[in-house]
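Below: the structure, in structure tokens.
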Amino acid sequence: MSWFGNSEPEPPSGPSPMDLAKQEVDMYSDLFTKMSGLCFKKCVVKMHGESDLNVGEMSCVDRCVSKYMEAQEKVGVILKRAEESLAAQQGG
Amino acid sequence: MSWFGNSEPEPPSGPSPMDLAKQEVDMYSDLFTKMSGLCFKKCVVKMHGESDLNVGEMSCVDRCVSKYMEAQEKVGVILKRAEESLAAQQGG
Amino acid sequence: MSWFGNSEPEPPSGPSPMDLAKQEVDMYSDLFTKMSGLCFKKCVVKMHGESDLNVGEMSCVDRCVSKYMEAQEKVGVILKRAEESLAAQQGG
Amino acid sequence: MTPVQQQDFLQHLESQQRKDSLAMYNNLVFRCFDECSKSFRSKRLDDGETKCINVCAEKFIKLTSRVALRFQDIQQQKAKDEAAGVQR
Amino acid sequence: MTPVQQQDFLQHLESQQRKDSLAMYNNLVFRCFDECSKSFRSKRLDDGETKCINVCAEKFIKLTSRVALRFQDIQQQKAKDEAAGVQR
Amino acid sequence: MTPVQQQDFLQHLESQQRKDSLAMYNNLVFRCFDECSKSFRSKRLDDGETKCINVCAEKFIKLTSRVALRFQDIQQQKAKDEAAGVQR
């Protein structure tokens, strides 16, 4: 699985399940950080007054998370297809 | 200490002092990188002429660092309070 | 090699060649991520219509990569000189 | 996974969470200072800047908890859909 | 490097590539959602936003492959220049 | 900490510093190229872009050294305040 557009040496032995599990944990925490940051930027504009989220901000955040996760899924499908066509090209 | 708003399984054994010390080193280097980047953005605007910092830029950087560290402290207090109230809610 | 402007304790034993090799791999992958992101921002503006890169975008990307790598080299020379003068100051 | 691996994995999870908390702390200061710092004529934050940083930090913490809950709702819903073989 | 070190290094290379792919996935979603999400009146992406995200993701993937090829051309050219003692 | 742990910690400190230097190098190129690159009609940086990148890099390096000194002054001042039980 590599975007460097050239054939890589066959990896010696597959990745350990532990390594994969850890990378998934890191991936979700990166996803969470990015989604929170972006929904904050899009939904919370005024920094004066109340320090609670108002009703508008709360519903904006809920919709932002739902749409972000939908985008995550859609981009995942596109990346998968690109990977498969890359592998096909390299006779992988 | 987690922002995922749900109760986590009790960590098996506490973090090793070595792990904590290493994380603190990483935290300060991340703080330093972010502070330098932001003070550069706020204090250094013109990229032509002299390649030394002029007097105005130098005093701006000194004040930027001082205010940034003050913000670091203030946000630390707020995060600590939020953590404590989160733990209280979960009967932590 | 440190920007913290004070003399560091002599590192106990030099870094292992393995550690250096791994850091170089990480550096190039960070360089690649930054360069792709910046050239995307500079060369790909419209997100509607064709999902292929048009001729203009393709030549823009080629030039962006070539100029980015030239900048990488030039900044490398400047950093090296700054490091040497820092070491000279500290009688390194 | 063997008990030792499980232990190691929980250790990683716990260390990752601590890393995330420290990273969020630094991100929060960076974001709110960038948003709220207006001038550099003094070495101290003025009242307006301090108020802005407090509101910014409080709102970001509340937003993060809310995002965590919505994120879990969606993951649980997806698991149920997959179990029921439903493709949303 | 000893065979064991080589093995360890290849393992690192392979794990780094997987990490890069996951990081690119998250970066791609972040960048294209930031670029393409216009309003938050509904919980679902509308057609315009979906189309924009698709084009954005496809173009970014194609751009990344092209950057990789150009990057390799430059590295190979540099190696040749160095070998021929040419200072461009 | 035992001598072995101390050795390990110094090793980590030293490796972290190298990582920071490489990260600063990449950040510096990213920031100054973003700031200074104006057009993409040629494969080479023009004189104006080259001059801008040089000034940007030099200023950033000088700023980083100055931030490091100010940062240390504040940390030392905080340590003294804490020792004297002073709450600024």
Side-chain angles (χ1 to χ4, degrees), chain C residues 1-6 8-16 18-20 22-39 41-43 56-83 85-86 89, chain F residues 3-4 6-46 49-73 75-76:
Chain C
M1 219 176 39
S2 119
W3 305 116
F4 294 96
N6 58 2
E8 289 305 313
E10 206 45 50
S13 67
S16 75
M18 182 56 90
D19 199 29
L20 287 175
K22 285 184 184 175
Q23 285 195 333
E24 211 182 318
V25 164
D26 299 350
M27 187 204 126
Y28 274 102
S29 103
D30 178 45
L31 159 61
F32 185 80
T33 304
K34 282 184 161 70
M35 180 161 60
S36 309
L38 199 52
C39 292
K41 189 180 104 173
K42 300 239 177 194
C43 295
E57 287 165 336
M58 282 196 260
S59 63
C60 176
V61 167
D62 296 347
R63 291 167 184 157
C64 181
V65 171
S66 163
K67 288 175 93 156
Y68 195 100
M69 294 304 290
E70 198 185 334
Q72 182 88 10
E73 244 173 85
K74 286 194 156 110
V75 170
V77 169
I78 295 173
L79 265 175
K80 217 164 188 341
R81 241 187 313 159
E83 242 172 74
S85 77
L86 191 74
Q89 267 163 29
Chain F
V4 168
Q6 237 183 355
Q7 172 81 348
D8 177 29
F9 184 66
L10 271 179
Q11 201 81 24
H12 175 81
L13 204 63
E14 204 258 345
S15 155
Q16 180 65 42
Q17 264 166 359
R18 239 189 356 270
K19 219 172 83 171
D20 288 349
S21 299
L22 294 176
M24 176 173 145
Y25 179 16
N26 281 348
N27 286 340
L28 198 45
V29 177
F30 178 84
R31 180 188 297 279
C32 294
F33 187 76
D34 189 15
E35 171 80 25
C36 299
S37 63
K38 292 306 169 218
S39 76
F40 295 98
R41 281 189 307 282
S42 131
K43 277 192 182 269
R44 304 279 305 188
L45 294 170
D46 64 36
E49 289 170 327
T50 303
K51 179 97 186 55
C52 175
I53 285 174
N54 289 341
V55 170
C56 176
E58 296 273 0
K59 281 194 168 183
F60 191 86
I61 293 169
K62 283 158 191 159
L63 174 136
T64 306
S65 301
R66 194 176 185 94
V67 167
L69 293 177
R70 289 296 88 77
F71 179 72
Q72 274 180 349
D73 299 345
Q75 297 298 80
Q76 272 145 18

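We name chains A, B, ... by the order of the sequence lines, and we start the count at 1 in each one.
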Q.
As an exercise: rank Lys41(C), Arg81(C), Gln72(C), Glu24(C) by heavy-atom pairs under 4.5 Å with chain F and give me the winner.
A. Gln72(C)
Q | Check: Ala71(C) main-chain N/O paired with Glu49(F) side-chain donor or acceptor under 3.5 Å | A | no
Q. Does any non-hydrogen side-chain atom of Ser16(C) lie less than 4.5 Å from one of Gln11(F)?
A. no
Q: List the atom of Leu45(F), the atom of Glu70(C), and the distance in Å for their closest heavy-atom pair.
A: N-OE1, 3.0 Å
Q: Report yes or no: is the cationic atom of Lys67(C) (NZ for Lys, CZ for Arg) under 6.0 Å from the centre of the six-membered ring of Phe40(F), at an angle within 45° of the ring normal?
A: yes
Q: Kindly compute the distance separating OG (Ser59(C)) from CZ (Arg41(F)), expressed to the nearest 0.5 Å.
A: 11.5 Å
Q: Select, from Lys34(C), Met69(C), Met35(C), the one with the greatest count of heavy-atom pairs under 4.5 Å involving chain F.
A: Lys34(C)
Q) Side chain, backbone, both or neither: which part of Lys74(C) has an atom under 4.5 Å from a heavy atom of chain F? A) side chain
Q) Do the side-chain N and O atoms of Ser37(F) and Lys42(C) include a donor-acceptor pair separated by under 3.5 angstrom? A) yes
Q.
For the CZ atom of Phe60(F) and the CD1 atom of Ile78(C), what is their distance to the nearest 0.5 Å?
A. 13.0 Å
Q.
Between Asp26(C) and Lys19(F), does any NZ, NE, NH1 or NH2 come within less than 4.0 Å of an OD or OE carboxylate oxygen?
A. no
Q) If you count heavy-atom pairs under 4.5 Å with chain C, which of Asp34(F), Leu28(F), Asn27(F) comes out on top? A) Asp34(F)
Q: For chain C, find which of Ala57(F), Cys36(F), Ser42(F) contributes the most heavy-atom pairs closer than 4.5 angstrom.
A: Ser42(F)
**Q.** Taking every non-hydrogen atom, the tightest pair across Phe33(F) and Tyr68(C)
**A.** CD2-CD1, 3.4 Å
**Q.** From NZ (Lys80(C)) to OH (Tyr25(F)), nearest 0.5 Å
**A.** 10.0 Å
(Q) Is any side-chain heavy atom of Arg18(F) closer than 4.5 Å to one of Leu20(C)? (A) yes
